[in-house]
Amino acid sequence: MSAGHPKAAGAAVALLEAGGSAVDAAIGADAVMGVVEPTGTGVGGDLMAVVATGGVIAVLDGSGRSGRRTDPASVPDNGHGFVPSVGGCAVTVPGAVAAWADLHGRFGRLPWPALFEPAIEAAANGAEVGATGSRLWQGARGRLDAAGEAIYFPAGTAPAPGERWRNPALAAVLAQIAANGPEALYRGPLAQAITDAAVAAGSSVHTDDLAGHASQWVEPLRAGLGDHELLTVPPPCQGAAAALAAQWVHDRGLLGVTEGDTGARAAATMVEALDRAFAVALDCLADPANADVPGYDEMRARMSGAPRRGPMPLGPGTVFTVVFTSEQAVVLTSSVCDRFGSGVGVPEGGFVLQSRGRGFSTDLSHPNAVGPAKRPYHTIVPTLILEQGRPVLGMGVVGGIMQPQGQLQILHRVLGGADLAAAVEAGRFRLIGDGRVTAEESLEPGWRAAIGDAGYELVDTADVIGGFGGAQAVLRTGDTLTATADSRRDGTSAVIALPD
């Protein structure tokens with residue numbers, strides 16, 4: 001298994017050793033991540049997951065909707081055609097807690113309260129903050145309102161790397177969720193506290209929106225890649241961008257070709273494929289319950305005519321947990337969207353509310369236009385790769401628009417024969433929009449040259465907000481599992497032997 005923090009990985013291992021399912025372990029790890037990396041996730045955010053069990057694929061869209069009272073005409077623009085990411089206009093109903101319960105109800109083995117014991121202990125007694133977590137924490141301070149500032153900066157500065165962070169209010173909330181299930185968040189005093197904080201910040205989310213929330217089990221979006229198949233979450237998730245780009249490269253015979261001049265050409269083709277895929281995604285992705293969203297085959301047909309060197313969707317962050325057992329594989333991702341989400345704090349709960357509403361377009365003629373009771377364009381992308389029907393690679397890469405890009409590059413290298421750690425640690429490029437690409441120094445010189453020769457401007461990484469992501473991944477080769485956590489972040493991985 002692989003998770004974004006040693007404490008989260010330890011929770012997953014403990015739950016597996018106690019007889020839990022892969023889903024149990026992933027939920028427990030995710031709950032811990034909301035304690036130790038609150039810039040990225042928490043009970044105020046959303047969750048999506050892909051689960052494979054006994055040949056059956058289950059995909060959960062645990063994203064929340066905008067408030068029923070949303071008045072599109074009154075929502076401001078951020079200057080780029082989207083809803084502002086800070087403040088109440090960005091707040092949507094948090095879906096993670098309900099999604100935990102839905103996943104556990106279908107795939108859990110351990111008692112529900114047991115899943116939250118590690119997170120409650122971490123919040124109550126403290127857990128060490130990682131180096132990357134500390135840096136992101138300090139850098140996102142300006143996003144918080146007064147309540148959020150009081151929650152996360154009680155001493156006036158972010159926890160230093162290795163410093164223990166405690167959040168007693170969140171420990172109490174997690175204990176309520178453990179005792180009473182998701183009702184603890186969606187009804188009663190905590191739901192009222194969420195509403196009070198959201199409305200005071202200008203949100204239209206009220207208690208009835210929380211009480212009416214439900215996750216959705218959806219059909220997976222599938223991309224055929226020869227002997228392999230990519231599975232992810234369908235619209236409004238931007239997993240479509242990952243699938244479209246991977247299929248474009250595969251259809252040109254270049255997916256997995258990493259060496260020599262052809263490998264360099266493959267790198268340039270990946271950039272072009274991602275450029276086109278994001279253009280299609282920006283044009284098409286919306287809530288299918290409120291808009292006529294094209295099917296995957298139609299989106300794929302649009303790729304050849306899609307513009308290049310266009311704008312990118314805006315790019316917030318997230319966290320991933322990947323757990324494989326002999327019986328089950330799960331890729332779970334959760335997020336408060338931007339760092340510290342909307343910045344709107346819920347002081348009674350010790351958490352912030354997500355900024356997922358910033359994914360809505362302010363163009364009211366667009367299918368993804370902001371409106372009442374809608375799910376926005378969603379950036380989190382859990383991805384599972386099958387080989388002849390068997391789960392072989394589960395992965396996620398944090399970082400908004402970096403998610404499809406990082407996943408494609410890791411998949412490309414794995415299919416090219418790299419071991420998992422090498423594929424994850426290898427240098428990456430990042431398409432940042434308007435014909436510009438940035439790259440880590442460790443990216444192959446031939447790749448860099450080919451990207452430039454394809455007409456893209458290579459720019460300095462100092463201009464990039466969000467970096468090159470951080471991956472969690474598990475690979476199955478025959479009956480052998482390997483796992484890795486990207487050194488770009490604070491995560492860790494483990495492969496353990498479980499009793500028969």
Side-chain angles (χ1 to χ4, degrees), residues 223 225-228 230 241-279 303-304 306-310 312 315 383 385 393 395 397-399 401-464 466-471 473 475 477 482 484 486-489:
L225 307 172
D227 289 340
H228 295 86
L230 183 153
L244 290 166
Q247 194 141 36
W248 177 274
V249 179
H250 171 267
D251 289 348
R252 280 145 188 82
L254 294 172
L255 189 62
V257 180
T258 59
E259 301 296 332
D261 292 343
T262 306
R265 182 159 57 92
T269 302
M270 284 193 285
V271 173
E272 178 188 353
L274 288 160
D275 203 353
R276 293 176 183 273
F278 278 124
M303 282 282 286
S304 59
R308 297 175 60 198
R309 301 179 182 85
M312 292 289 97
T383 297
I385 305 297
L393 176 63
M395 61 178 171
V397 178
V398 304
I401 60 169
M402 190 62 202
Q403 293 185 47
Q405 301 190 59
Q407 290 183 14
L408 175 59
Q409 292 173 71
I410 292 170
L411 174 62
H412 178 70
R413 292 183 186 277
V414 168
L415 294 182
D419 66 50
L420 185 61
V424 165
E425 295 296 333
R428 294 181 191 145
F429 63 76
R430 177 177 174 135
L431 177 67
I432 56 177
D434 300 316
R436 295 175 300 149
V437 175
T438 187
E440 293 178 302
E441 290 185 3
S442 53
L443 187 74
E444 292 90 331
W447 289 28
R448 188 187 300 268
I451 292 168
D453 291 344
Y456 288 91
E457 178 189 2
L458 288 158
V459 301
D460 191 276
T461 57
D463 296 330
V464 179
F468 296 89
L475 178 68
T477 306
T482 55
T484 193
D486 202 325
S487 64
R488 296 171 179 86
R489 295 294 177 114

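Heavy-atom basis, side chains included; hydrogens, waters and symmetry copies ignored. Just so you know, residue 1 is the first one in the sequence shown, and it goes up from there.
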Test side chain to side chain contact (heavy atoms under 4.5 Å, CB included) on Val397 and Phe468; report intermediate values, then the result. CA-CA 9 Å; Val397 178; Phe468 296 89; over 6 Å; no

Go through the steps for Leu458 and Phe429 under the test side chain to side chain contact (heavy atoms under 4.5 Å, CB included), then give the verdict. CA-CA 10 Å; Leu458 288 158; Phe429 63 76; over 6 Å; no

Please step through salt bridge (charged side-chain N to carboxylate O under 4.0 Å, His left out) for the pair Arg252 and Glu272, ending with a clear verdict. CA-CA 12 Å; Arg252 280 145 188 82; Glu272 178 188 353; over 6 Å; no

Verify side chain to side chain contact (heavy atoms under 4.5 Å, CB included) between Met395 and Leu475, making sure each step is shown before the conclusion. CA-CA 9 Å; Met395 61 178 171; Leu475 178 68; over 6 Å; no

For side chain to side chain contact (heavy atoms under 4.5 Å, CB included), just list the numbers for Leu411 and Thr383, CA-CA rounded to whole Å, side-chain angles, deciding distance to a tenth of an Å, and then say yes or no. CA-CA 10 Å; Leu411 174 62; Thr383 297; over 6 Å; no

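Here the closest non-hydrogen pair linking Leu230 and Ala246 is CD1-CB, 4.2 Å. Listed here is the closest heavy atom pair of Ala450 and Ala264: CB-O, 3.2 Å. In terms of heavy atoms, Ile401 sits closest to Phe278 at O-CZ, 3.4 Å. Nearest approach of Ala245 to Ala273, heavy atoms of both residues: O-CB, 3.7 Å. Taking each heavy atom of Ala454 and Arg308 in turn, the nearest pair found is O-NH2, 3.3 Å. Across every non-hydrogen atom of Gly469 and Asp486, the tightest pair is O-OD2, 4.2 Å.
Between the side chain of Arg265 and the main chain of Gly260, no donor-acceptor pair closer than 3.5 Å is present. Checked by atom type and distance alone, the side chain of Thr438 pairs as donor or acceptor with a backbone atom of Val459 at under 3.5 Å. The main-chain N or O of Ile385 is never found under 3.5 Å from a side-chain atom of His228 such that the two would form a donor-acceptor pair. Counting only distance, with no hydrogens or angles, the side chain of Glu457 and the backbone of Gly435 share no donor-acceptor pair below 3.5 Å. Panel note: side chain Arg413, backbone Ala418; no donor-acceptor pair is recorded below 3.5 Å. Side-chain N or O atoms of Arg309 include one that pairs as donor or acceptor with a backbone N or O of Gly455 at under 3.5 Å. In this structure, Arg489 contributes its side chain and Ala471 its backbone to no donor-acceptor pair below 3.5 Å.
We find the CZ-CZ distance between Arg436 and Arg430 to be 11.0 Å, quoted to the nearest 0.5 Å. In this structure, the separation between CE on Met402 and CZ on Arg428 is 5.5 Å, given to the nearest 0.5 Å. Note that CZ of Arg276 is 7.0 Å distant from OG of Ser304, once rounded to the nearest 0.5 Å. Within the model, atoms CG of Asp275 and OG1 of Thr269 stand 12.5 Å from one another, a figure rounded to the nearest 0.5 Å. Taken to the nearest 0.5 Å, the CH2 atom of Trp248 stands 12.0 Å off from the CG atom of Leu274. Separation of atoms CE (Met270) and CG (Leu254) is listed at 9.0 Å; rounding is to 0.5 Å.
The shortest side-chain heavy-atom distance between Leu255 and Leu225 falls under the 4.5 Å cut-off. Taking 4.5 Å as the limit, some side-chain heavy atom of Leu393 sits within range of a side-chain heavy atom of Leu420.
Counting non-hydrogen atoms of other residues, nucleotides and ligands closer than 6.0 Å to CG of Asp434 gives a total above 12.
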